[in-house]
Amino acid sequence: MAKVLTSREENYSQWYNDLVIKADLAENSAVRGSMVIKPYGYAIWEKMQAVLDKMFKDTGHQNAYFPLFIPKSFFSKEASHVEGFAKECAVVTHYRLKNDENGKIVVDEDAKLEEELIVRPTSETIIWDTYRKWIQSYRDLPILINQWANVVRWEMRTRLFLRTAEFLWQEGHTAHATKDEAVAEAETMLKVYANFAETYMGVPVLQGIKSPNERFAGAVETYCIEGLMQDGKALQCGTSHFLGQNFAKAFDVTFVTKENKQELVWATSWGVSTRLMGALIMSHSDDNGLVLPPKLAPIQVVIVPIFRKEEELKAITEKVDGLINKLKEKGISVKFDNRDTHKPGFKFAEWELKGVPIRLAVGPRDLANGTVEVARRDTMEKEILHMEGIEDKIEHLLEQIQINIYQKAYDFRDNNSFRVDTWEEFKAQVEKGGFIYAHWDGTSETEQKIKDETKATIRTIPIDGKFEEGKCIYTGNPSKQRVVFAKAY
RNA sequence: CGGGGUAUGGCCCAGUCCGGUUAAGGCGCCUGCUUUGGGAGCAGGAGACCGCAGGUUCGAAUCCUGCUACCCCGACCA
């Protein structure tokens with residue numbers, strides 16, 4: 001088989017870059033750091049959106065849309081928030097172009113904006129400025145809103161899906177009357193994300209909270225789900241924030257309680273982005289290409305006819321037409337690849353590269369025997385089955401593949417999670433990769449020093465982590481719980 | 001923003017050191033024939049102001065100057 005991908009062993013990040021391009025998911029654009037998401041890649045994102053959107057609505061949220069542009073003055077109202085994002089903001093300063101004396105298009109300096117506009121890196125500020133107008137009484141609460149949007153963070157170094165200057169995401173922004181309710185909301189959405197990652201993406205994730213160093217700018221507490229990629233590096237797959245009353249204070253959002261008292265509103269925000277595409281790719285795929293979980297695959301079953309003459313294709317088409325309908329009735333997406341411009345071998349390789357979970361091949365031999373060749377992408381196994389009742393077997397096989405993909409990723413994480421108790425051991429393990437459960441004294445200084453010396457950061461402090469007395473890996477100071485360290489994307 | 005590298009048909013790239021007149025090859029593309037159960041073969045064909053702007057020269061992809069873009073490594077980050 002002709003090799004089109006760099007192998008993972010040879011160069012993991014090159015493998016990833018090759019795969020994104022070759023599987024037709026996305027490509028670099030004319031704009032530095034911004035990508036074009038191609039139809040096949042976007043189809044996966046759309047499936048993710050559809051599932052998540054339903055999950056959000058099932059938990060009581062509604063969609064809305066807020067502006068792309070945020071007045072600079074709004075942005076500077078919450079001190080730690082602005083500090084966190086200031087260095088990566090795109091700023092709009094003018095609203096008109098003109099021809100200069102040489103006929104070149106230039107910015108019209110006369111069209112300077114009174115107040116500069118920030119291109120949103122996230123929407124807390126514009127949303128909380130709006131919520132002030134929406135909220136007067138406890139009767140107006142809670143507000144449970146989500147928006148699907150693009151945001152811009154002017155990153156210095158970018159990678160397709162994992163970090164781009166502009167990316168797509170959803171951001172939920174909720175307002176509550178009590179602290180407990182807001183905390184519960186942040187935790188609920190974390191569970192939604194974890195459920196989505198595991199059940200649909202087949203990516204096992206650790207759930208926990210972020211250390212202060214890794215916390216979202218403006219949050220009181222940041223919750224996260226963390227996945228482990230095949231190269232042993234961690235990838236944050238989603239975050240949910242308990243924002244306390246920070247934004248309510250900054251934007252003066254108060255409400256009157258039943259007891260007629262003025263109080264500040266409690267807030268949360270939560271988001272997942274097209275970065276999930278990166279997690280999906282890096283969790284399951286192999287040296288032959290993408291491996292997609294059936295629940296998110298744009299095409300779940302591809303049928304490749306094997307034929308010499310048009311009459312043969314016609315006979316095969318008649319035979320598989322019924323099967324295609326039966327599969328569609330089951331809600332299974334099928335592609336009949338009847339192109340006569342490519343040979344079967346080419347198609348096999350191409351659909352493997354694109355990660356289609358199941359491939360059926362039907363040729364003259366099968367027509368004679370009433371059979372079909374079934375190949376599954378995750379294990380690359382092939383078997384010949386009778387056409388009779390094949391649709392039930394395919395439905396079942398898709399479920400099996402979904403389970404197997406998750407199990408494989410789970411086992412990988414399990415085999416790459418380590419408990420480490422000495423600094424020497426820790427440094428050695430960081431080099432090898434994986435999740436490292438170690439004791440930490442709870443201070444930002446120690447975390448920073450560990451990061452400076454090893455590049456490993458605290459990915460999460462597990463929520464369901466067992467409390468256990470121990471000594472900090474770095475300082476030897478007492479610790480009550482192991483936290484998870486790893487090198488991260 | 002530091003350090004390194006690259007720029008030549010749609011893509012990968014040779015040629016650049018040492019200047020010389022049809023800019024080589026592979027992939028892909030088009031046409032035809034033969035093929036089709038794991039990325040087909042043969043024959044023919046189209047496609048390039050050699051990143052941009054100057055300069056040196058009889059002559060520049062090649063030498064000089066300036067610029068721009070992209071990639072890799074760091075600092076920053078979902």
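Values below: all heavy atoms of this structure, side chains included; hydrogens, waters and symmetry mates excluded. The sequence lines fix the lettering, A, B, ..., with proteins before strands; numbering per chain opens at 1.
One donor-acceptor pair, N or O on each side, does fall under 3.5 Å between the base of B/rG38 and the side chain of A/Glu352.
When heavy atoms are screened at a 4.0 angstrom cut-off, A/Phe167 is found touching base atoms of the nucleic acid. At the heavy-atom level, A/Gln236 lies under 4.0 Å from the strands shown only through sugar-phosphate atoms.
For A/Met156, the listed nucleotide lying nearest its side chain is B/rA75; candidates were B/rA78, B/rA75, B/rG37. Picking from B/rG74, B/rA78, B/rC70 the nucleotide with the shortest atom distance to the side chain of A/Arg32 gives B/rC70. Of the candidates B/rC76, B/rA75, B/rG37, the closest approach to any side-chain atom of A/Asp366 belongs to B/rG37.
B/rC18 and B/rG10: their P atoms are spaced 32 Å apart (whole Å).
Every residue was checked against the side-chain hydrogen bond (donor to acceptor under 3.5 Å, both in side chains) condition with A/Tyr12, not counting sequence neighbours, and none meets it.
Within residues 298-318 of chain A, the residues approached by RNA chain B to less than 4.0 Å at the level of any non-hydrogen atom are A/Ile306, A/Phe307, A/Arg308, in residue-number order.
Taking the six-membered ring wherever Trp is involved, the centroid distance between the rings of A/His61 and A/Trp270 falls below 6.0 Å.
Legend: ring-ring contact (aromatic ring centres under 6.0 Å, His included) pairs involving residues 349-379 of chain A, not counting sequence neighbours: none detected. Within the structure, salt bridge (charged side-chain N to carboxylate O under 4.0 Å, His left out) pairs that include any residue of residues 445-457 of chain A do not occur (at least two apart or interchain).
The strand RNA chain B forms stems, runs of 3 or more Watson-Crick or G-U wobble pairs with distances below 3.5 Å, at B:1-7 with B:68-74, B:10-12 with B:25-27, B:29-34 with B:40-45, B:51-55 with B:63-67.
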Could you list the donor-acceptor pairs under 3.5 angstrom formed between side-chain atoms of residues 358-371 of chain A and any protein atom two or more places apart in sequence or on another chain?
from	atom 1	to	atom 2	distance (Å)
A/Arg359	NH1	A/Glu352	OE2	3.0
A/Asp366	OD1	A/Thr371	OG1	2.7
A/Asp366	OD2	A/Gly363	N	2.9
A/Asn369	ND2	A/Arg365	O	3.2

